[in-house]
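Below you'll find the structure I mean.
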There are 2 protein chains.
Amino acid sequence: MVCVTDLLPDARTETRARIEQAALDLFTRRGFEQVTTDEIADAAGISRRTFFRYVATKADAVWGDFGSHVDRLDRLLSATRPDQPVLASICAAYVEVNDYAVADLPMLRQRMTLVLGEPALQAHSQVRYADVDRVVAEHVARRAGLTPGALLPRLVATSTRAAATTAFEVWLADGTTSLADDLHAAFDQLALGFPGLRTRAA
Amino acid sequence: MVCVTDLLPDARTETRARIEQAALDLFTRRGFEQVTTDEIADAAGISRRTFFRYVATKADAVWGDFGSHVDRLDRLLSATRPDQPVLASICAAYVEVNDYAVADLPMLRQRMTLVLGEPALQAHSQVRYADVDRVVAEHVARRAGLTPGALLPRLVATSTRAAATTAFEVWLADGTTSLADDLHAAFDQLALGFPGLRTRAA
DNA sequence: GACGTTAGTGACACCCAGTGCCAGCGGCAA
DNA sequence: TTGCCGCTGGCACTGGGTGTCACTAACGTC
């Protein structure tokens, strides 16, 4: 029994972190499909039933508290000044929420390598990203005086997320660039209608 | 060898169609999660085991022969003239592969309503669309003299697919517009860097 | 200090998606 | 007829996810 009132970091928060770390390590080492939820639970020191009280699905185990990231993105977008171009404000918000400390970068790489590389996790990410799209579309709709369901807000939301995802892929594949630079490069191409396509041959 | 003569409707093709229709109807009526594979199999007049010999997963049941659509997109892109702008060629290809006969539009609406609306199908679509992205990225890479893994080809592939998906959503929600028009509208915004964002307030 | 309450946990049974295996059955060629 | 072959269905099994119940530790109240 863990009992005792050490609980400084809060027992639930600690368990949550153990689950995430165990899932990240096992998935990285053996692949998502080859790991059972029993094994993750064992590695995290809990029962399988308790595992599913902390995370809704096996795929959710690698996402940490993604909801708070979305909330932070929402606040950042709401706080942007009206004289800033819409795309620039979205880019800045994406850069800000992905501004991890150097010590946290290895874990971010591990997570994103899995999310973008494992088909099952890639599929599941769509559900999580839908929240991001909703937040961005609402921001664009406010700024442009449109409804969030109109073509333009939706399109900006999905294509900026495509830009962010692509920047992540390049960042992971390269290994030498900074994520912020990759994000800016992708958003610049998007905002200017892909000028790189018009310079025939590099 | 194709062997076997003619087989006018071909038993396997017919079974495939029955599975797709049964899945489409049941999912539309009761929701993806509420329908079991047993029920789809029953409705299609086959056993559950046979059902899984025709489709890899429950989610795949609504996709028909999506692979041939991707092949067709690939051929259309390869056949574009070099003097046409890259984005225009991609838009034209998307319009062409989605140019259904009027009689087939209800089924297309049904399929896309499910794919874009049901979370599980939306997640699964990511896996199918990865093939589309690969084909488009290769085309862009050829046209721009880059590798398919570079930022620009990937970005163009993902954001044009975002445009196509958004156009589909608007087409489904509206009900009066033509899909081709919605696709062109989305691609125009994308190609010009979202001019709609710069006209402050409508 | 005994008591009821409450939150968290583990064990168990269950449903359902997906798979491996094998037996049966029809068509087809020698 | 015989043997091969492709398709099918039945069966058992694995693994993700859930509902239920009993147990226990922490906490407030008298």
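Here is how names work: the chains are called A, B, and so on, in the same order as the sequence lines, proteins then strands, and each is numbered from 1.
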(message) From NE2 of His124(B) over to P of dA17(C), roughly how many Å is that when rounded to an integer?
(response)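 Taking atom P of dA17(C) as the reference, NE2 of His124(B) is at 14 Å.
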
(request) May I ask you to say whether Arg128(B) pairs ionically with Asp60(B), meaning some side-chain N is under 4.0 Å from a carboxylate O? (result)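 Salt bridge present between Arg128(B) and Asp60(B).
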
(message) The side chain of Ser47(A) is closest to which nucleotide in this list: dA17(C), dG9(D), dA11(C)?
(response)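 For the Ser47(A) side chain, the nearest candidate turns out to be dA11(C).
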
(message) Distance check needed: dG15(D) C1' versus Ile40(A) CD1, whole Å only.
(response)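 It works out to 12 Å between those atoms.
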
(request) For the pair Phe66(A) and His69(A), name the ring-plane relationship: parallel under 30°, tilted 30 to 60°, perpendicular over 60°. (result)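 Rings of Phe66(A) and His69(A): parallel, as their planes differ by under 30°.
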
(request) Identify which nucleotide among dG17(D), dG18(C), dG9(D) has an atom closest to any side-chain atom of Thr57(B), counting heavy atoms from C-beta outward. (result)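 Of dG17(D), dG18(C), dG9(D), dG18(C) is nearest to the side chain of Thr57(B).
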
(message) Looking at Arg49(B) and dG20(C), is any side-chain donor or acceptor paired with a base atom of the opposite kind under 3.5 Å?
(response)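 When only heavy-atom distances are counted, Arg49(B) does reach the base of dG20(C) through a donor-acceptor pair under 3.5 Å.
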
(request) Choose from dG18(C), dG10(D), dA11(C) the nucleotide whose nearest atom is closest to any side-chain atom of Phe52(B). (result)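 The answer is dG18(C), which lies nearest to the side chain.
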
(message) Tell me the interatomic distance from Gln34(A), atom CD, to dG16(D), atom C1', rounded to whole angstroms.
(response)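 The answer, rounded to whole Å, is 15 Å.
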
(message) Rounded to whole Å, please give me the gap between CG in Asp38(A) and P in dA11(C).
(response)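 Computing the Asp38(A):CG to dA11(C):P distance gives 11 Å.
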
(message) Is it the case that dG8(C) (base atoms only) and Arg12(A) (side chain only) share a donor and an acceptor within less than 3.5 Å, ignoring hydrogens and angles?
(response)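 Answer no: no donor N or O sits under 3.5 Å from an acceptor.
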
(message) Counting only side-chain heavy atoms from C-beta out, which of dG10(C), dG16(D), dA17(C) sits nearest to Thr50(A)?
(response)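 Among dG10(C), dG16(D), dA17(C), the one nearest the side chain of Thr50(A) is dG10(C).
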
(message) Closer than 4.0 angstrom, basic N to acidic O: yes or no for Arg16(B) and Asp65(B)?
(response)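 Answer for the salt bridge query: no.
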
(message) Could you tell me how far apart Arg18(B) (CZ) and dC7(D) (C1') are, to the nearest whole angstrom?
(response)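 For the pair Arg18(B) CZ and dC7(D) C1', the rounded distance is 14 Å.
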
(request) Tell me, please, which residues at least two apart from Arg111(A) pass side-chain hydrogen bond (donor to acceptor under 3.5 Å, both in side chains). (result)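 So Arg111(A) forms a side-chain hydrogen bond (donor to acceptor under 3.5 Å, both in side chains) with Glu20(A).
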
(request) Report yes or no: is the cationic atom of Arg12(A) (NZ for Lys, CZ for Arg) closer than 6.0 Å to the six-membered ring centre of Tyr54(A), at no more than 45° off its axis? (result)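 Checked: cation-pi criterion met.
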
(message) Both Ala59(B) and Phe51(A) contact DNA chain C. Taking the nearest nucleotide for each, which residue is further toward the 5' end?
(response)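 Closer to the 5' end of DNA chain C: Phe51(A).
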
(request) Find the distance Ile19(B):CD1 to dA17(C):P and express it as a whole number of Å. (result)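 Answer to the nearest Å: 14 Å.
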
(request) Whole angstrom is fine here: how far is it from CG in Leu26(A) over to C1' in dG15(D)? (result)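 My rounded result for the distance is 16 Å.
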
(request) Pick base, sugar-phosphate or nothing for Val55(B), based on heavy-atom distances below 4.0 Å to the nucleic acid. (result)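 Touches nothing.
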
(request) Give a yes/no on whether any side-chain N or O of Tyr54(B) is located under 4.0 angstrom from OP1 or OP2 of dT8(D). (result)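 Indeed, a polar side-chain atom of Tyr54(B) lies that close.
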
(request) Would you mind telling me which of dG18(C), dT9(C), dT18(D) lies closest to the side-chain atoms of Arg48(A)? (result)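 Selected nucleotide: dT18(D).
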
(message) Here's a test of your reading of the structure: between Val35(A) and Arg53(A), which maps to the more 5' nucleotide of DNA chain D?
(response)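 Closer to the 5' end of DNA chain D: Val35(A).
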
(request) Could you check how far CG of Asp60(A) sits from P of dG16(D), rounded to whole Å? (result)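 The distance from CG of Asp60(A) to P of dG16(D) comes to 14 Å, rounded to the nearest Å.
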
